[in-house]
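Below is one structure, written out as structure tokens, with a few remarks after it.
Just follow the structure's listing: the first ligand is 1, and inside any ligand the first atom is 1. This chain uses plain numbering: 1 for the first residue, then up along the sequence.
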Amino acid sequence: MGHFFVTTPIFYVNDVPHIGHAYTTVTADALARWHRLAGDEVFFLTGTDEYGLKIQRAAEDNGRTPQEHADITSARFRETWDLLQITNDDYIRTTEERHRLTVQKLLQRVYDNGFIYSDTYEGPYCVPCEAYYTEAELNDGLCPIHDRPVEEMKEANYFFKLSEFEQPLIDWYEANPEAVGPDVRRNEALGIITQGLRDISITRSSLDWGVPVPWDDDHVFYVWYDALINYATAAGFGSDDDRFAEWWPHVHHLLAKDILRFHCVYWPAMLMAAGLEPPKALSVHGYLQVGGAKMSKTTANQIFPAELVDEFGVDGFRYHFLRDNSFGPDGDFSHEGMLERFNADLANNFGNLVSRVTTVVDKKCDGIGPAPRPDSPLASVAAEVVRDSAAAWEAISPSRALEHTWRLLRETNAFLEANVPWKADPGPEVDAVLGDALEVVRLACILASPAIPNATQAAWERIGLSGQVTDQRIADDAVWGLYPAGLTVAKGDPLFPRLK
Ligand code: MSP
């Protein structure tokens, strides 16, 4: 049994969650659910990033104090994750006391280790990014990410000696070829490092909405350098050393490419400077776009999860983003694609299989489920599907994992069409075919539960099984032949009525 510590970025509270935030969070949730099935001990962390100029200004625009604004928006994120049935184990807010303590402890260590010094900074700053740029990095004077004008900033700052970590970072990347993925992102991060790293400003004296710098009252930490530390706070750094020692070696960050530089360059360097291990893994995905553009408040092209949940249900929402937006490249959101996917995979394949099997068992077997055959022609397909789905989840590829799982559903629907048990007279032949199909439903419920937790639990109960699908374990339970004969099978309304 292993440990799996998975994190999402902590989201800024200037704005409410949209489907881009949900994409990362649903992916992390599905991975967490998969690892629980795999028997791992899981710690799944998400939360909100509440300090900095951007939040202070958003609060001012809304006539609130920054804390009031953060409280309101952080609650919106939490509600959205509840709606999407996200199973996070902790929800960190950077304005919590536990976080202040960890940030101060960790950065004091970096300071004591001699990697922080004081100097004056002057340069272009993008508030939406909360990041300084060099003139060369701007596009015609505009922020390369937001395409908006930057502000000139000048202030006395403390600097982190990032330049000293160029070689250690390169060595770390070489020694850990799997740590940052997929490969395009690893190369992008390595490219940033090999082009040369300059020291970075990590404090602010012009603002007080931040974590106070322990060695200088006039400064707060720059929002990114407290934010990254959230992962260490939640793992227990500075508050519970045993817990930190247990979980930190397993941390796996998920994020989109917009914040690759912070996570894949600055963060491992800061950890090294504090004498800690860099993250075990960083998985970086692309943007979920709408009409070819990144979603943002300014372009007013945001789509909110609740709108889609109203139409497709929680399972329909989760399934679409996991199946249709493979982890890595950018992908365009398409309502039409979502509808097609819902009808093809959920209504036709999953829903139809469950409804066929339960209806025919009701009719031909008096509603009592027969046993599967040990030598069923579906047994070897099932074994391959379990193996391939597991490998794909391990490789952070929910889309391929679900594709493999759906192969089993498709082949079983075809098997039923070839055997037409609904036309045959009751007897051992029909029992054999239906027993096999019931066993597939049982297995598919386990394998698909990270994506569609509600429908899989409902189907589980319809075929007469008790308990929770989520309590199953891949090694023990995702094995052909465990569906017991004699359970009461119930017909019911379609799990996924077709949508127009
Ligand atoms: N607060 C920082 C992160 C600090 S982590 C120590 C931040 N917040 S954010 O609210 O802007 O969230 C960025 C993250 O949200 C992305 O990295 C990604 O996980 C998710 N996404 C937001 N919009 C997205 C898309 N349009 N597409 C895909 N993911 C998106 O950055």
Side-chain angles (χ1 to χ4, degrees), residues 6-29 31 45-55 58 70 73-74 76-77 80-81 86 91-95 99 102-103 106 126-131 143 145-146 185 202 210-211 221-235 251-268 270-271 279 282-305 321-322 324-333 396:
V6 63
T7 70
T8 71
I10 48 169
F11 303 108
Y12 285 130
V13 290
N14 61 318
D15 204 2
V16 297
H18 57 60
I19 57 173
H21 304 115
Y23 176 71
T24 316
T25 310
V26 167
T27 302
D29 182 62
L31 290 168
L45 174 69
T46 187
T48 44
D49 190 355
E50 308 189 353
Y51 285 124
L53 193 50
K54 169 150 114 168
I55 309 306
T73 317
S74 183
R76 294 289 297 275
F77 274 91
T80 302
W81 304 153
I86 302 302
Y91 186 89
I92 189 163
R93 300 185 52 189
T94 54
T95 51
H99 184 59
T102 295
V103 169
L106 198 146
C126 171
V127 178
C129 285
E130 292 280 19
C143 162
I145 304 250
H146 291 90
R185 303 298 174 212
I202 60 161
V211 175
F221 286 112
Y222 165 45
V223 56
W224 263 105
Y225 302 104
D226 91 74
L228 287 162
I229 294 171
N230 88 86
Y231 307 125
T233 304
V251 70
H252 191 138
H253 300 309
L254 302 189
L255 54 136
K257 64 183 186 182
D258 51 346
I259 53 178
L260 172 141
R261 172 191 296 267
F262 289 100
H263 280 81
C264 303
V265 181
Y266 300 172
W267 179 225
M270 280 170 74
L271 286 163
L282 296 127
S283 296
V284 187
H285 63 76
Y287 292 150
L288 184 60
Q289 301 179 317
V290 175
K294 189 174 183 241
M295 262 175 292
S296 77
K297 209 173 183 175
T298 34
T299 48
N301 63 348
Q302 293 166 310
I303 298 174
F304 302 102
F321 288 105
L322 292 167
D324 285 321
N325 293 88
S326 55
F327 195 96
D330 292 344
D332 220 40
F333 172 75
I396 321 293

Exercise for review: Can you see which heavy atom on Tyr91 is nearest to which on Phe77, and at what distance?
Suggested key: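 Smallest heavy-atom distance, with atoms named: OH-CB, 3.3 Å.
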
Among all protein heavy atoms, pick the one closest to [atom] and tell me residue, atom and distance.
| atom | result |
| --- | --- |
| atom 11 (O) of ligand 1 | Tyr12 CD1, 3.5 Å |
| atom 31 (O) of ligand 1 | Ile259 CG2, 3.5 Å |
| atom 26 (N) of ligand 1 | Leu288 O, 3.0 Å |

Contact partition for [X] relative to ligand 1, non-hydrogen atoms under 4.0 Å:
| X | value |
| --- | --- |
| Gln289 | neither |
| Asp49 | side chain |
| Phe262 | neither |

Review point. Can you name the one residue among Val290, Val16, Asp15 that meets side chain to side chain contact (heavy atoms under 4.5 Å, CB included) with Gln302?
Key: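 When side chain to side chain contact (heavy atoms under 4.5 Å, CB included) is applied between Gln302 and each of Val290, Val16, Asp15, only Asp15 qualifies.
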
Review point. Of Leu282, Val6, Thr25, Thr46, which meets side chain to side chain contact (heavy atoms under 4.5 Å, CB included) against Leu254?
Key: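 For Leu254, the side chain to side chain contact (heavy atoms under 4.5 Å, CB included) check succeeds only for Val6.
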
Check each of [options] against [atom] and report the one with the nearest heavy atom.
| atom | options | answer |
| --- | --- | --- |
| atom 21 (N) of ligand 1 | Pro17, Gly286, Gly20 | Gly20 |
| atom 4 (C) of ligand 1 | Thr48, Thr24, Ile10 | Ile10 |
| atom 5 (S) of ligand 1 | Tyr231, Phe11, Trp267 | Tyr231 |

Review point. Do any nitrogen or oxygen atoms of Leu255 lie less than 3.5 angstrom from nitrogen or oxygen atoms of ligand 1?
Key: no

Check your understanding: Is there a nitrogen or oxygen of Asp258 sitting under 3.5 Å from a nitrogen or oxygen of ligand 1?
Key ->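 Yes - when backbone and side-chain N and O of Asp258 are compared with those of ligand 1, one distance drops under 3.5 Å.
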
Check each atom of ligand 1 against the heavy atoms of [X] and keep those under 4.0 Å away; list them by number with element.
| X | value |
| --- | --- |
| Tyr287 | 27 (N), 28 (C) |
| Leu228 | 6 (C) |
| His18 | 22 (C), 23 (N) |

Check your understanding: Hey, does Lys257 sit under 4.0 Å from ligand 1 if you only count heavy atoms?
Key ->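 Flag not set, Lys257 not near ligand 1.
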
Review point. If you measure only the distance, is there a donor-acceptor pair under 3.5 Å linking the side chains of Tyr51 and His99?
Key: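 No, because no side-chain N or O of Tyr51 sits under 3.5 Å from a partner of the opposite role on His99.
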
Could you tell me the separation between the [atom1] atom of [X] and the [atom2] atom of [Y], rounded to the nearest 0.5 Å?
| X | Y | atom1 | atom2 | answer |
| --- | --- | --- | --- | --- |
| Thr233 | Asp226 | OG1 | CG | 8.5 Å |
| His285 | Leu255 | NE2 | CG | 7.0 Å |
| Leu322 | Tyr23 | CG | OH | 7.5 Å |
| Ile19 | Thr24 | CD1 | OG1 | 11.5 Å |

Exercise for review: Show your working on ring pair (Phe, Tyr, Trp, His ring centres under 6.0 Å) between His18 and Phe333 and close with a plain yes or no.
Suggested key: CA-CA 12 Å; His18 57 60; Phe333 172 75; over 10 Å; no

Practice item. Identify whether the distance between the nearest side-chain nitrogen and carboxylate oxygen of Lys257 and Asp330 falls below 4.0 Å. Key: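 Counted as a salt bridge, because a side-chain N and a carboxylate O are separated by less than 4.0 Å.
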
